[in-house]
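Input: a single structure, listed below in structure tokens.
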Amino acid sequence: MTDVFIVSDNILSPLGRTTAANFSQLAKGMSGVKKQVDTKMSAQPFYASLFDREDRFMTDDGGATQTAAGSPGEYTRFERLLIASVRDAVQTGGIDTRDPKMILIVSSTKGNIDLLGTMDKGERDLFKKRVALYTSADLVAEYFGFVNPPVVVSTACISGIAAVLTGMRFIRSGRYETAVIAGADTVSRFVLSGFQSFQAISPGHCKPFDLARDGINLGEGAGTLVLSSREKYSGGIKILSGSISNDANHLSAPSRTGAELCASITNALRGGGLSASDVDFISAHGTATIYNDEMEAKALTLSNLQSVPVNSLKGYYGHTLGAAGLIETIISVQSLKKDLVLPTLGFEEMGVTDPLNICTGLLSAPLKNCLKTASGFGGCNAALVFSKQ
Amino acid sequence: MNGITASCIIADHAVRKNGKLVFEDRHADLPGFLLSVYQHFGLNYPRFFKMDNLSKLGWLAVEILLKDSFRKADHEAGQVGIVLMNAHSSLDTDLKYFESAKDIPSPSLFVYTLPNIMIGEICIRHQFKGEGVFFISEEFDAGHFVRYTGGLLDADVLQVCIGGWVDLLDSEYKAALFLIEKEVLPVEGGQSRPFDVLAKENIEKIFRGEKGRTKEE
């Protein structure tokens, strides 16, 4: 089977504009989550990790006059975020985006949803095209001169991992040699009010796996991962395998048993030729809702992974939705490279029925294999395994 | 060789199974049409009435696709997966949620503001637990669909893949679903037929409403 290597990556978040800047902030225990007062988004103050509202992420607007809607004449905030993240990743990787054996994969849950409040819906056809994820992906592809039409993955909170898996499979099929996988989501009144209606938003900083956990924080951010099968990248971290499953149980509540996430984990490990004892650390979804964390603990225990160090990064970033799988994978890749597992910010006391080995301080240890998991609305679960050589 | 076992198209107020017109209702509006499809096929599933229009459309298309064409008992839950695509994601419900959220946001509406919720609905109905993934594309990309599903079957990630196109916004809609099964029967000469070349053209034909080939015809 073709080996798939990580060439370069980027995280663009309120904590920093490069992967290195992000990792260094996390290692210092810094969080992007703050109390926010913004009556346009919520009548009540809320805790979230947000960019400065004035942040434009990039200084040039070249090429944007050809947007599908014709009139807006510039990239949306979401698109600028994506472009800025992709640009750093392709520049640091020395990637020629006009390579015919290259594909752009975009991951997002809600993309330009904040346009719903701002655009004139009278021009329905222009509007529905401008708000669509395929338009954003086309604009990003056009900006960088990608030759092949981009692919967009939108599968709730597993979108980022599903996009990495899609890129890995494209490369293994031989159709492409390089995949640029970029995920982003912004926080809007739309998404915030929805999670508030579920009473899923924590009134303070989120506390993954903790006894007193009381919900999620939302976060904004983008992550880009460049994968390639080319020989010259063969020293890099390898994406080994991944798997997706469905609970077939409930749209908004996770499985009661964790058996389906466990099936994903088992398939991912088997696909990578690994067993549970080969996993050196786990980057869990850990949203800090009662039910998600409980389900994950069950799934990890069923997978015989209860003693493996595990963290959740939601305390640093909040839940960045379509970017989460990418951002958290990229941080975990840094952990592999530095032999350093990050603590679970916000965790104090074990709050899941099946206790896990939650990482509570910086853990320095030789690391080779990492498991990344995610779950989301619609009952979806995903697992990804990557490895240092 | 992997094969298309069945197809179902719901478009222009008509339902076609394996290319054959099986139901038509020219007079109803979209919600009325979806309800008349539900009633015509004698379906009985109370959850249907809670779904948004996009999920109703996809769910109905799967019911008709699988009826008399699929034996669930032959497959493990984790071996059946769903690969869907559309242009407008969940925009139809996003717009409704956005309006309603000006008063009191409704969690039961918000949950449908993700396109893959339709995959969840289908999985809950049939207890399918395999891979489910949702792609957004301006038009139905048969090449990508065939390569992706073919890859899942070839790599034994799935034995059966239900998938295709389900798009809905305002009164415009189209569902075109395919049942694709991995067949383990050896092919003459030991060479398996290249799924992606043959199936892509076939799938494009069926999608356009022309006569395609499924195993059942």
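Just so we're on the same page: letters track the sequence lines, and every chain starts at 1. Below, all heavy atoms of this structure are taken into account, side chains as well, without hydrogens, waters or symmetry copies.
- The local environment of CG in B:D74 is crowded, with over 12 non-hydrogen atoms from other residues, nucleotides or ligands closer than 6.0 Å.
- When A:N246, A:I158, A:V151 are compared by the number of non-hydrogen pairs under 4.5 Å with chain B, A:N246 comes out ahead.
- For CD of B:Q127, the number of neighbouring non-hydrogen atoms (other residues, nucleotides, ligands) closer than 6.0 Å is greater than 12.
- By the 6.0 Å contact criterion, NZ on B:K50 is open, its count of non-hydrogen atoms from other residues, nucleotides or ligands being 12 or less.
- Neither the backbone nor the side chain of A:R189 has a heavy atom closer than 4.5 Å to any heavy atom of chain B.
- Residue with the most contacts toward chain A among B:L114, B:I119, B:L84: B:L114 (heavy-atom pairs, distance under 4.5 Å).
- Taking the ring centroids of A:F170 and B:Y148, they lie at or beyond the 6.0 Å cut-off.
- Judged purely by distance below 3.5 Å, without hydrogens or angles, the side chains of B:S90 and A:K110 pair a donor atom with an acceptor atom.
- Few gaps surround CD on B:E210; more than 12 heavy atoms of other groups in view lie less than 6.0 Å from it.
- Expressed to the nearest 0.5 Å, how far SG of A:C380 lies from CG of B:N116 amounts to 5.0 Å.
- Within 6.0 Å of the CZ atom in A:R256, the count of heavy atoms belonging to other residues, nucleotides or ligands does not exceed 12.
- Note: A:F190 and B:Y97 have perpendicular aromatic rings, judged against thresholds of 30 and 60 degrees for the angle between ring planes.
- Heavy atoms closer than 4.5 Å to chain B are found nowhere in A:S173, neither backbone nor side chain.
- For the set B:I124, B:T113, B:L109, B:I117, the entry with the most heavy-atom pairs within less than 4.5 Å of chain A is B:I124.
- With rounding to the nearest 0.5 angstrom, the OG atom of B:S137 is 11.5 Å from the CG atom of A:L133.
- B:L169 touches chain A through its side chain: at least one heavy atom from C-beta onward sits under 4.5 Å away, while N, CA, C and O do not.
- In this structure, the side chains of A:F198 and B:V111 come closer than 4.5 Å at one or more pairs of heavy atoms.
- Interatomic distance, B:F110 CZ to A:F377 CZ, rounded to the nearest 0.5 Å: 6.5 Å.
- Of the listed residues (A:N249, A:N267, A:N381), the greatest number of heavy-atom pairs within a distance under 4.5 Å of chain B belongs to A:N249.
- Applying the salt bridge (charged side-chain N to carboxylate O under 4.0 Å, His left out) criterion to A:K128, with sequence neighbours excluded, gives A:D125, B:E172.
- Two residues are said to be in side-chain contact when any heavy atoms from C-beta on lie closer than 4.5 Å; B:D170 and A:R124 meet this criterion.
- B:E131 CD to A:S243 OG: the interatomic distance, rounded to the nearest 0.5 Å, is 7.0 Å.
- Closest approach of A:D247 to B:K129, counting heavy atoms only: O-CE, 3.5 Å.
- Checked against side chain to side chain donor-acceptor pair (under 3.5 Å), B:S108 has the following partners two or more places apart in sequence or in another chain: B:S106.
- Contact of the B:R147 side chain with the A:R169 side chain is not registered, since no non-hydrogen atoms from C-beta on lie closer than 4.5 Å.
- The number of heavy atoms from other shown groups lying within 6.0 Å of NZ (B:K205) does not exceed 12.
- Interface residue B:A87: backbone and side-chain heavy atoms are both found under 4.5 Å from chain A.
- Between A:F127 and B:L95 the shortest heavy-atom distance is CE2-CD2, 4.0 Å.
- If you take CD on B:E138 and OG1 on A:T135, they are separated by 6.5 Å, rounding to the nearest 0.5 Å.
- Using a 4.5 Å cut-off between heavy atoms, B:L152 touches chain A through its side chain atoms alone.
- Counting heavy-atom neighbours within 6.0 Å of B:R71 CZ, excluding the residue itself, gives a total of 12 or less.
- With a 4.5 angstrom heavy-atom cutoff, A:V153 touches chain B via backbone and side-chain atoms both.
- Contacts of A:A156 with chain B are made by both backbone and side-chain atoms, with heavy-atom separations under 4.5 Å.
- Within the 4.5 Å cutoff, the side chain of B:F135 has no heavy atoms near those of the A:V152 side chain.
- Rounded to the nearest 0.5 Å, atoms CD1 (A:I244) and CD1 (B:I82) are 12.5 Å apart.
- The minimum heavy-atom distance linking B:C123 with A:A248 is given by the pair O-CB, 3.3 Å.
- Distance alone, capped at 3.5 Å, is enough to place a donor-acceptor pair between the A:T155 side chain and the B:F134 backbone.
- B:D141 does not touch chain A: none of its heavy atoms, backbone or side chain, sits under 4.5 Å away.
- In this structure, chain B has no heavy atom under 4.5 Å from any part of A:V106.
- Closest of all the heavy-atom pairs between B:G120 and A:L251 is C-CD2, 4.0 Å.
- When heavy atoms are compared at a cutoff of 4.5 Å, B:I136 approaches chain A by way of both its backbone and its side chain.
- Interface residue B:F128: only backbone heavy atoms are found under 4.5 Å from chain A.
- With chain B as partner, the option from A:S193, A:A132, A:A162, A:S245 having the largest number of non-hydrogen pairs under 4.5 angstrom is A:S193.
- In this structure, A:L116 and B:D94 have side chains that are in contact, with non-hydrogen atoms separated by less than 4.5 Å.
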